[in-house]
Amino acid sequence: MKRVTIKVKVDNIEEFEKRVKDISLEFEPTLYQHDRVYVPRGYKRGMNLPRLVMRTEMSSVDKPAIYKLILKRHIEDSGIEITDRSVVRDYTEIVNILHQLGFVLAKEISRRRRRIKLSDVSRIYLDKVDKLDGHYVKIETAIDENDKVSEVMADLKRTLKLFHLSTKNISQESYLEMLEKSDIIDNK
């Protein structure tokens, strides 16, 4: 599935949550997600190579975890991200396959995620990522061949403004890249 995504750091979480309520939207229950991000050997940003994510997702401690394999491939010049996902039964077996295919573990990312379903193709996520300061809002929408990325991106930016979020805080970096930068700064 092709998606266009926009992500911003939230300056004031209380104001954002109030705005969500004011326009009569409601978050679904919090999901606890732990991602193990795998990349091909020699992976570098900007090469349009795929990342594979093994995600463990829990809605509460009294319910079983759900395991998903997610393919993410950001096409740098287009603003499009290709994303496919599938629920898996045998986590260990899938990780062994990833290693046999030459993928290596790049980073583990844990977050608490709240979601609002805007439509059949659009979602808003409010993420609190471990080891990153603050909260992030991610808005994504699925697109098809007829959609123009520039128009979809403009629509997503208008949606940000609806929530009083600044387009100046837009980040094109994945959480993987943000955490890698954070590690470099922490190690200096």
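Along the sequence shown, residues carry numbers from 1. Atoms considered below: every heavy atom in the structure, side chains included; atoms not considered: hydrogens, waters and symmetry mates.
Note on Leu31: it does not cluster hydrophobically with Leu126, by side-chain heavy-atom contacts below 4.5 Å among ILVMFWY residues. Hydrophobic cluster membership is shared by Leu165 and Phe27, with clusters built from Ile, Leu, Val, Met, Phe, Trp and Tyr side chains linked at under 4.5 angstrom. Placement of Leu25 and Ile13 within a single hydrophobic cluster is found when ILVMFWY residues are connected by side-chain heavy-atom separations under 4.5 Å, directly or transitively. Tyr67 and Val87 fall into different hydrophobic clusters, defined by Ile, Leu, Val, Met, Phe, Trp and Tyr side-chain heavy atoms under 4.5 Å apart, directly or through other members. Criterion: ILVMFWY side-chain heavy atoms under 4.5 Å apart, direct or through other members. Under it, Val8 and Ile116 are part of a common hydrophobic cluster.
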I would like to know whether Arg19 and Leu162 meet side-chain contact (heavy atoms from CB on, under 4.5 Å); could you show each step before the answer? CA-CA 9 Å; Arg19 185 68 182 145; Leu162 179 70; 3.9 Å; yes
Starting from the C-alpha separation in whole Å, work towards a yes-or-no answer on side-chain contact (heavy atoms from CB on, under 4.5 Å) for Tyr136 and Met178. CA-CA 12 Å; Tyr136 291 84; Met178 295 167 112; 3.2 Å; yes
Decide yes or no on salt bridge (charged side-chain N to carboxylate O under 4.0 Å, His left out) for Glu177 and Arg51, but give the supporting numbers first. CA-CA 12 Å; Glu177 293 158 343; Arg51 296 180 317 272; 5.5 Å; no
Does the pair Leu132 and Arg111 meet the rule for a side-chain contact (heavy atoms from CB on, under 4.5 Å), with working shown? CA-CA 10 Å; Leu132 287 180; Arg111 76 176 143 261; over 6 Å; no
Show the numbers, then the answer: is there a side-chain contact (heavy atoms from CB on, under 4.5 Å) between Ile6 and Thr159? CA-CA 10 Å; Ile6 198 165; Thr159 303; over 6 Å; no
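Shown here is Lys138, whose NZ atom has more than 12 heavy atoms of other residues, nucleotides or ligands within 6.0 Å. Sparse packing is recorded around CG of Asp133, with 12 or fewer heavy atoms of other residues, nucleotides or ligands lying under 6.0 Å away. Around the NZ atom of Lys2, the shell of radius 6.0 Å holds no more than 12 heavy atoms that belong to other residues, nucleotides or ligands. Applying the 6.0 Å contact sphere to CG of Asp120 captures no more than 12 heavy atoms from other residues, nucleotides or ligands.
Here the closest heavy-atom approach between residue Lys7 and residue Ser174 is recorded as NZ-CA, 3.6 Å. Across all their heavy atoms, Ser122 and Thr141 have their closest contact at OG-OG1, 2.7 Å. Residues Pro50 and Pro40 share a closest heavy-atom pair of O-CD, 3.2 Å. Here the closest heavy-atom approach between residue Lys63 and residue Ser59 is recorded as CD-OG, 3.6 Å. Residues Ala106 and Val39 approach most closely at CB-CG2, 4.0 Å, considering heavy atoms. Heavy atoms only, all atoms of each residue included: Ala65 and Met58 are closest at CB-CG, 3.7 Å.
Ionic pairing of Glu108 and Arg36 is present here: one or more N-O contacts between side-chain nitrogen and carboxylate oxygen are shorter than 4.0 angstrom. Taking the charged nitrogens against the carboxylate oxygens, Glu81 and Arg3 have no contact shorter than 4.0 Å, which rules out a salt bridge. A salt bridge links Lys68 with Glu57; the closest basic N to acidic carboxylate O contact falls under 4.0 Å.
Between the OH atom in Tyr32 and the CG atom in Asp130 there is a gap of 11.5 Å [rounded to 0.5 Å]. How far OG1 of Thr92 is from CE of Met54: 8.5 Å, rounded to the nearest 0.5 Å. Atom CD1 in Ile109 sits 9.0 Å away from atom CZ in Arg55 (nearest 0.5 Å). Here the CG atom belonging to Leu118 is positioned 8.5 Å from the CZ atom belonging to Arg123, to the nearest 0.5 angstrom. To the nearest 0.5 Å, the span separating CG on Asp147 from CE on Met153 amounts to 12.5 Å. How far CD of Glu93 is from CG of Leu98: 10.5 Å, rounded to the nearest 0.5 Å.
For the residue pair Tyr175 / Asp127, a side-chain donor-acceptor distance below 3.5 Å is found, with atom types taken as modelled.
Counting only heavy atoms from C-beta outward, the side chains of Ile97 and Leu101 approach each other to under 4.5 Å. Between Ile70 and Asp35 the shortest side-chain heavy-atom distance does not fall below 4.5 Å.
Between the side chain of Asp84 and the backbone N or O of Lys72, no donor-acceptor pair lies under 3.5 Å.
Here the options are Glu17, His135, Glu28, the test is side chain to side chain donor-acceptor pair (under 3.5 Å), and the partner is Arg114; only Glu17 passes.
The aromatic rings of Phe163 and Phe16 sit tilted, their planes meeting at an angle between 30° and 60°.
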